Amino acid sequence: DQQVKQNSPSLSVQEGRISILNCDYTNSMFDYFLWYKKYPAEGPTFLISISSIKDKNEDGRFTVFLNKSAKHLSLHIVPSQPGDSAVYFCAASDGSSNTGKLIFGQGTTLQVKP
Amino acid sequence: EPEVTQTPSHQVTQMGQEVILRCVPISNHLYFYWYRQILGQKVEFLVSFYNNEISEKSEIFDDQFSVERPDGSNFTLKIRSTKLEDSAMYFCASQLAGAFSDTQYFGPGTRLTVL
């Protein structure tokens with residue numbers, strides 16, 4: 001079951017630069033997308049989300065872009081900070097299911113170097 | 001800030017034993033979930049729970065698994081007879097409303113080790 005895919009297992013960027021994390025999905029019924037950040041030995045922490053009726057959502061240093069035709073979303077972090085180093089998960093939900101179940105990608109480990 | 005809590009943080013058990021993982025969701029939330037993450041793999045949905053009943057469960061959630069909300073605050077996951085492959089991090093999550101656009105908040109997880 002690869003409905004949500006994060007094809008880059010890791011990403012390394014310099015502090016102050018932009019980090020771009022990518023996510024692809026296959027299920028056209030997905031209509032809500034979220035990014036979670038996870039540190040070792042902790043639970044996923046909600047970062048930012050976007051509904052399928054939008055193509056961009058911004059919150060401080062974090063921006064999520066959604067390209068529905070390409071079934072692709074991306075998370076931009078700018079400027080990147082060493083504290084951003086973590087595993088980032090993309091997740092999606094299907095509003096028609098009424099259960100709120102989230103389908104996660106495999107995660108991308110971001111390392112921000114000072 | 002309200003948060004989801006889980007106990008214990010680490011549970012070690014022998015194969016075949018029963019375990020109960022406990023969660024205290026955020027107090028005014030109405031929708032509850034269990035997910036798990038096997039080491040090195042993605043976070044997987046197990047079950048969703050609303051109004052004292054399961055609303056959806058995955059193929060993983062077989063007859064060995066059960067969930068319960070025994071009182072107004074706790075939400076538990078029971079594995080009746082643990083198997084080696086049940087070793088994983090188990091995350092509880094809660095959500096205020098069932099709207100798909102509402103955010104799920106996760107607890108810190110319980111690491112289950114089955115020997």
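The structure displayed is predicted, hence computed values, not measured ones. By convention in this document, chain letters (A, B, ...) are assigned in the order of the sequence lines, proteins followed by strands, and residues within each chain are numbered from 1.
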Problem - Under 4.5 Å from a heavy atom of chain B, the part of A:Tyr39 involved - result: neither
Handout entry: Part of B:Gln37 within contact of chain A (heavy atom distance under 4.5 Å)
Key = side chain
Exercise for the section: Would you indicate whether the side-chain heavy atoms of B:Leu77 and B:Thr110 approach each other to under 4.5 Å? Expected result: no
Problem - Aromatic ring proximity, centroids under 6.0 angstrom, B:Tyr35 and B:Phe91 - result: no
Exercise for the section: With the side chain counted from C-beta on, respond yes when A:His72 and A:Asn22 share a heavy-atom pair under 4.5 Å apart, and no when they do not. Expected result: yes
Fill in the blank from the handout: When the 4.5 angstrom heavy-atom criterion is applied to A:Glu42 and chain B, the contacting part is backbone
Fill in the blank from the handout: When the 4.5 angstrom heavy-atom criterion is applied to A:Ala91 and chain B, the contacting part is neither
Problem - Residue that, paired with A:Ser19, satisfies side chain to side chain contact (heavy atoms under 4.5 Å, CB included) out of A:Val13, A:Asp84, A:Val78 - result: A:Val13
